[in-house]
Visitor: 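I am attaching a structure below and will ask some questions about it afterwards.
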Protein chains: 2
Amino acid sequence: MENKETFVKKLRSSGLRPTKQRLEICKVLYERDKTFHFTIEELSKILKKKSKKSISLATIYNTVHAFKNKNYLKEISINSNKSYFDTNVSNHHHFFNESTHELIDLKDTDVGVIKIKKKIPGKKIKSVEVLVKISS
Amino acid sequence: MENKETFVKKLRSSGLRPTKQRLEICKVLYERDKTFHFTIEELSKILKKKSKKSISLATIYNTVHAFKNKNYLKEISINSNKSYFDTNVSNHHHFFNESTHELIDLKDTDVGVIKIKKKIPGKKIKSVEVLVKISS
DNA sequence: ACTTACATTATAATGATTCTAAAGTAGTGT
DNA sequence: ACACTACTTTAGAATCATTATAATGTAAGT
Ligand SMILES: [Mn+2]
Ligand SMILES: [Mn+2]
Ligand SMILES: [Zn+2]
Ligand SMILES: [Zn+2]
């Protein structure tokens, strides 16, 4: 999808130094065709396999949070002891497979328009997201 | 709303002994007009104020989980380090106030029908819930 | 009253996440 | 190339919500 130079530019343009750890993580996160949903633990396992020199867990946490703050990642609301992250940072809906704990993106057209008729005085709507729980 | 005898019957009928701790917790949870959304920490604080003899934190956790298993409470998907619980156990939608971390129920009529057009082969839809994040 | 399965409790353990502070590195300027 | 400095990585400790342990207490049937 994207090459190393693109990652380097994006990182620099957001004030993040393109370190080799961050670039490794970018490759895992963004060199794919589809949206990637993951927990820190899963990301950590993937990085262990891919890289010769391991990246410390603290750095994985730091990087994921830095990317989240720069809006390159999004945190997803799932009841779990672990946080889920998503490379699709747009407002969008999900299937959540309760058997496998896997998240799957829904397109807006898969759900249709959602009209929130109730208003809370003085409050603005920041996002409207649907979570569809599924299981076998 | 409900009196002590009702709680006693409900607990007995689900195979839970109506202990004084559980009845205290029932009062806090169910003797109210509106749906109650809470974290364990909040429930614990309320119980500290209300009761003379304090209920141990372990019991509060045990009871909340027992009630959840018996479908007297429901756990809510919010990204947070803490779990949220809800006395409204039906499938329903929420506002989440990002400033105050407060949950507010939406009626089905406040949202309208949500049609999920995508299907996952071999999977059944267990629930469809909308989370509307709001802030000032 | 006796019995026993279920509950409560203090406390320890767990596990995800965050913090600390020391060592390493990227980018800037000379 | 070298020095400087701010940013980054890292191992390990700390934190904090939650769960487990195991001893003590209690509800309810006999
Ligand atoms: Mn978080
Ligand atoms: Mn839970
Ligand atoms: Zn997604
Ligand atoms: Zn609710």
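So that the names make sense, note that chain A is the first sequence line, chain B the second, and so on, each numbered from 1.
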Visitor: How close or far is atom P of C:dT17 from atom CD of A:E42, stated in whole angstroms?
Guide: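 Result: 11 Å.
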Visitor: Taking the side chain from A:Y84 and the backbone from A:L103, do they hold a donor-acceptor pair closer than 3.5 Å?
Guide: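 Not a single qualifying donor-acceptor pair exists.
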Visitor: What's the verdict on side chain to side chain contact (heavy atoms under 4.5 Å, CB included) for B:L43 and B:L29, showing C-alpha distance, side-chain angles and the deciding distance?
Guide: CA-CA 8 Å; B:L43 176 57; B:L29 296 183; 4.0 Å; yes
Visitor: Round to the nearest Å and state the distance from A:N62 atom CG to D:dA11 atom C1'.
Guide: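 Between C1' of D:dA11 and CG of A:N62: 13 Å.
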Visitor: Judged by atom type as modelled, is there a donor-acceptor pair below 3.5 Å linking the side chain of B:T63 to the main-chain atoms of B:T59?
Guide: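 Present.
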Visitor: When you compare the side chain of A:K133 with that of B:S77, does any pair of heavy atoms fall below 4.5 Å?
Guide: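 Sidechains of A:K133 and B:S77: in contact.
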Visitor: B:H65 side chain N/O closer than 4.0 Å to the phosphate oxygens (OP1, OP2) of D:dT18?
Guide: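 Indeed not, no polar side-chain atom of B:H65 lies that close.
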Visitor: Relative to the 5' end of DNA chain D, which residue comes earlier, B:I40 or A:T63, by the nucleotide with the nearest heavy atom?
Guide: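 Result of the comparison: A:T63.
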Visitor: If I take atom OH in residue A:Y84 and atom C1' in nucleotide C:dT17, what distance separates them, rounded to the nearest angstrom?
Guide: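 It works out to 16 Å between those atoms.
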Visitor: Rounded to whole Å, how long is the line connecting atom CD1 of A:I55 with atom C1' of D:dA11?
Guide: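 Going from A:I55 (CD1) to D:dA11 (C1'), I get 15 Å.
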Visitor: Using modelled atom types only, decide if a donor and an acceptor are shared between the side chain of B:K74 and the backbone of B:S90 within a distance under 3.5 Å.
Guide: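 Yes: the side chain of B:K74 pairs with the backbone of B:S90.
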Visitor: Out of the candidates B:D105, B:D86, B:T87, only one should pair with B:T35 under the side-chain hydrogen bond (donor to acceptor under 3.5 Å, both in side chains) rule; please name it.
Guide: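 Single side-chain hydrogen bond (donor to acceptor under 3.5 Å, both in side chains) partner of B:T35 among B:D105, B:D86, B:T87: B:D105.
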Visitor: Where the side chain of B:K123 meets the backbone of A:I134, is there a donor-acceptor pair that is under 3.5 Å apart?
Guide: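 Judged by distance alone, no pair lies under 3.5 Å.
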Visitor: Roughly, in whole Å, what's the span from NZ in A:K68 to C1' in C:dT17?
Guide: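 It works out to 12 Å between those atoms.
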Visitor: List, with names and distances, any nitrogen or oxygen atoms from the protein found under 3.5 Å away from nitrogen or oxygen atoms belonging to nucleotides 13-16 of chain C.
Guide:
none

Visitor: Does B:K45 come within less than 4.0 Å of B:E42, counting only side-chain N to carboxylate O?
Guide: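 The answer is no: the pair does not qualify as a salt bridge.
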Visitor: Going by an N to O cut-off under 4.0 Å, is there a salt bridge joining A:E75 and A:K68?
Guide: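 Salt bridge between A:E75 and A:K68, a charged N being under 4.0 Å from a carboxylate O: yes.
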Visitor: Check the distance between C:dG24's P and A:K53's NZ and give it to me in whole angstrom.
Guide: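 Going from A:K53 (NZ) to C:dG24 (P), I get 15 Å.
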Visitor: Report the distance from atom CD1 of B:I60 to atom C1' of D:dA20, rounded to the nearest whole Å.
Guide: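 Distance check: B:I60 CD1 to D:dA20 C1' gives 17 Å.
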Visitor: Give the rounded distance in Å between these two atoms: CG of B:L57 and P of D:dT19.
Guide: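 Atom CG in B:L57 sits about 11 Å away from atom P in D:dT19.
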Visitor: Going by number, which of residues 10-24 of chain B have a non-hydrogen atom under 4.0 Å from DNA chain C?
Guide: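 DNA chain C contact set from residues 10-24 of chain B: B:G15, B:L16, B:R17, B:T19, B:Q21, B:R22.
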